[in-house]
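Ligands are counted one by one from 1 in listed order, and the atoms in each one are counted from 1 as well. Quick note: residue numbers are just sequence positions, from 1.
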Amino acid sequence: MRLILALLLALLALPLHAEPLLRSPDGRTEVRITGDGDGRLYWQASRDGRPLISASPLGFILADAPKLERKLAITGEARASRDSRWDQPWGERAQVRDHHNELVLHIAETSLLHRRFDLVIRLFDDGIALRYAFPEQPNLKTLRIVAELTEFRIADATAGRAWWIPALEWNREEYLYRATGITEVGLAQTPMTMQTARGTWLSIHEAALIDYAGMNLQPAGNGIFRAALTPSASGPPVVVAAPFATPWRVVMIGDTAPALANSSLILNLNEPNRLGDVSWVRPCKYAGIWWSMHLDTESWSTGPKHGATTANAVKMIDWAAANGLCGLLIEGWNKGWDGDWFANGWDFRFDQPTPDFDMAAVAAHARKRRIGLIGHHETSGNLANYEAQLDAGMAFYARHGVTMVKTGYVADAGGLQVAGSQPGIDMNGQPRTLTYEWHEGQASARHHIRVLEAAAARRIAVNAHEPIKDTGLRRTFPNWVSREGARGMEFNAWGNPDNGPEHEATLAFTRLLAGPMDYTPGIVSLQGRGQKIPSTLAKQLALYVTIYSPLQMVADLPENYAKAPRAAMDFIRAVPVDWQESITLAGEPGSHVVTVRQRRGGDDWWLGAAGGKAAVATELPLDFLTPGTRYRLTLWRDGSTAETNPQDLAVETRIVTSTDRLALRLAGGGGGAAARFEPVK
Ligand code: NOJ
Ligand code: CA
């Protein structure tokens with residue numbers, strides 16, 4: 001019976017659906033599925049009639065079953081075209097358009113196992129997405145995925161350029177971006193951004209990573225990249241029961257680098273909000289008991305340098321309130337920081353303040369001054385210890401009115417400690433039942449969802465540091481407000497090396513394509529531990545606009561803000577954190593980025609321009625402004641001596657309209673500019 005079915009399928013399938021084809025709404029991008037004589041399937045893409053991705057394999061290697069690759073037949077298809085809009089509760093734009101064409105191919109093995117899956121392909125004007133969806137079925141109940149065979153074969157790779165960070169190295173996502181030829185890329189994380197020799201901009205990434213291993217890109221020569229799943233210590237990288245769908249494999253496409261930055265593709269590929277009313281998630285500018293620790297003038301640990309004392313918290317709450325901020329982050333408030341906290345993750349207690357920190361008194365003062373406290377759960381990557389206390393920790397904060405928690409997973413990549421059944425030893429040689437996992441692995445993906453759910457149950461938002469990569473889950477879980485996931489400002493505190501002048505202009509076209517980043521800008525002193533920060537003062541202001549996050553830190557010390565030019569503080573106090581619309585106007589990785597954003601629910605526009613190593617002169621049309629309206633432009637720019645004296649900030653005002661052009665000059669060595677456009681009533 002089975003044999004007959006298989007034969008029938010084989011006969012039916014191939015001639016009917018030889019090479020299914022899907023086009024993007026604008027008709028420029030095409031994806032075609034092809035096969036070979038052995039029943040292997042490939043996907044390929046073209047743009048404007050020219051090859052973009054050459055025939056790239058699909059399939060899986062499984063731990064306990066034959067690989068899913070050969071004898072595949074297309075048994076049917078379903079097509080859809082959709083054009084809808086959805087609202088973001090907070091975000092870089094209020095409304096997102098989701099315009100795509102979809103092709104679902106039903107695929108079955110012609111062999112006796114007759115395993116089945118759907119290949120779901122969506123084509124947008126700004127990119128390609130595909131995923132595998134497995135229905136419930138007798139011969140594939142649980143998938144133990146050893147490897148994905150999905151590849152991305154860049155057609156026009158020779159002489160193309162790429163911006164990437166290495167994968168599976170000890171410092172997680174915190175590497176300086178490398179700019180190399182596409183054919184010189186090593187094992188890379190996503191998003192990885194490229195410009196092909198013909199000039200098309202691409203970024204390979206993934207969307208909706210919920211219960212799966214994160215995807216890295218393994219080069220196989222000549223611009224061929226394999227989806228390399230992040231390994232697991234407890235078996236195959238992915239173990240998951242059907243029915244389930246993999247994360248989307250995504251190629252973002254743009255004619256320019258800014259086109260990538262303006263895409264909402266990753267968000268569109270995620271499921272809608274699962275949390276219902278999230279009006280309790282509030283975008284926020286916040287101060288912190290934080291930078292001082294990175295400068296080493298205060299400490300997380302108790303003792304004479306302890307930062308998180310009741311008195312210091314009260315003082316910082318007053319400072320945040322006086323400067324119109326909405327929140328205060330307090331790190332080092334709980335038990336576990338004394339000694340070698342990197343090794344002693346087991347010591348952290350998430351409901352026990354240190355003796356010199358009176359949580360109730362601090363919370364009462366914050367309430368009085370209308371400052372939201374931002375809690376801190378550093379875990380040292382010890383998921384076992386954290387998960388055992390997750391509910392207690394969130395409940396403790398909820399009791400004290402905390403509505404946002406910064407989580408932290410400081411542990412070497414591959415060093416997350418996950419509770420399990422396997423005997424092992426912890427970092428102090430203690431016998432424990434645990435395994436060591438990667439920050440981008442399936443165990444980590446699951447953990448982050450658990451934290452989001454525990455937090456959401458108490459109306460708490462989450463900002464994860466040393467996180468798993470962003471794949472757009474803020475749409476589904478709008479309490480996932482921000483994360484780190486790249487080198488942040490802290491590297492400029494430590495130096496050795498610092499982030500360099502071009503880092504933020506690179507982030508705009510790489511890491512930030514994935515989603516918001518808690519970069520922690522605003523270091524107006526331009527001063528790390530000993531060394532200078534590679535930035536002008538104007539650029540520190542610009543970062544509030546070029547880097548999108550609904551949570552932006554005003555990260556420097558109050559005494560440094562007191563010494564800064566008043567104009568700088570005016571900008572920091574006034575710049576919004578929630579936007580109606582965002583447009584990246586110009587730039588390229590490492591060189592510069594210019595972004596404008598309109599305040600959510602308002603009509604003023606803000607501009608940020610972050611430069612790189614070399615000076616940049618550029619002229620921008622102001623056609624994003626409403627025609628016929630006069631705007632008062634205030635420009636905070638590099639002064640004429642900014643290259644040698646980065647504190648040199650010049651401020652200008654004048655009237656402009658949408659037909660004007662704005663000339664900007666960003667100083668070399670990390671210059672910048674920021675602007676506000678207010679309608680003149
Ligand atoms: C690293 C985080 O990025 C930083 O913000 C935090 O202060 C430390 N870990 C301690 O948790
Ligand atoms: Ca970090």
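- A salt bridge does not link D498 to K532: none of the charged side-chain nitrogens sits closer than 4.0 Å to a carboxylate oxygen.
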Side chains of residues 507-516: which donor-acceptor partners sit under 3.5 Å, not counting sequence neighbours?
{"from": "T510", "atom 1": "OG1", "to": "T506", "atom 2": "O", "distance (Å)": "2.8"}
{"from": "R511", "atom 1": "NE", "to": "E484", "atom 2": "O", "distance (Å)": "3.0"}
{"from": "R511", "atom 1": "NE", "to": "G485", "atom 2": "O", "distance (Å)": "3.1"}
{"from": "R511", "atom 1": "NH1", "to": "G515", "atom 2": "O", "distance (Å)": "2.9"}
{"from": "R511", "atom 1": "NH2", "to": "E484", "atom 2": "O", "distance (Å)": "2.8"}
{"from": "R511", "atom 1": "NH2", "to": "P516", "atom 2": "O", "distance (Å)": "2.8"}

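- Judged by the 6.0 Å distance and 45° axis criteria, R178 is positioned over the aromatic ring of W164.
- Among pairs with a residue in residues 310-348, those fulfilling disulfide bond (SG atoms under 2.5 Å apart) read C284-C326, at least two apart in sequence or across chains.
- Between K315 and E559 no salt bridge is recorded (no basic side-chain N to carboxylate O distance below 4.0 Å).
- Partners of D391 by salt bridge (charged side-chain N to carboxylate O under 4.0 Å, His left out), not counting sequence neighbours, listed by chain and number: R458.
- Of all N/O/S atoms in E490, OE2 sits nearest the Ca ion (ligand 2).
- Partner of P247 under the side-chain contact (heavy atoms from CB on, under 4.5 Å) criterion, chosen from L209, D211, N270, I210: L209.
- Between OE2 of E466 and OE2 of E484, the angle at the Ca ion (ligand 2) works out to 120°, rounded to 10 degrees.
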Check each N or O atom of ligand 1 against all protein N or O atoms and list the pairs under 3.5 Å, with atom names and distances to 0.1 Å, one per line.
{"from": "ligand 1", "atom 1": "3 (O)", "to": "H465", "atom 2": "ND1", "distance (Å)": "2.9"}
{"from": "ligand 1", "atom 1": "3 (O)", "to": "E466", "atom 2": "OE2", "distance (Å)": "3.0"}
{"from": "ligand 1", "atom 1": "3 (O)", "to": "E484", "atom 2": "OE2", "distance (Å)": "2.9"}
{"from": "ligand 1", "atom 1": "3 (O)", "to": "E490", "atom 2": "OE1", "distance (Å)": "2.7"}
{"from": "ligand 1", "atom 1": "3 (O)", "to": "E490", "atom 2": "OE2", "distance (Å)": "3.3"}
{"from": "ligand 1", "atom 1": "5 (O)", "to": "W290", "atom 2": "NE1", "distance (Å)": "2.9"}
{"from": "ligand 1", "atom 1": "5 (O)", "to": "K406", "atom 2": "NZ", "distance (Å)": "2.6"}
{"from": "ligand 1", "atom 1": "5 (O)", "to": "E490", "atom 2": "OE1", "distance (Å)": "3.4"}
{"from": "ligand 1", "atom 1": "7 (O)", "to": "W290", "atom 2": "NE1", "distance (Å)": "2.9"}
{"from": "ligand 1", "atom 1": "7 (O)", "to": "H294", "atom 2": "NE2", "distance (Å)": "2.9"}
{"from": "ligand 1", "atom 1": "7 (O)", "to": "E331", "atom 2": "OE1", "distance (Å)": "2.5"}
{"from": "ligand 1", "atom 1": "7 (O)", "to": "E331", "atom 2": "OE2", "distance (Å)": "3.3"}
{"from": "ligand 1", "atom 1": "11 (O)", "to": "H376", "atom 2": "NE2", "distance (Å)": "3.3"}
{"from": "ligand 1", "atom 1": "11 (O)", "to": "E378", "atom 2": "OE1", "distance (Å)": "2.6"}

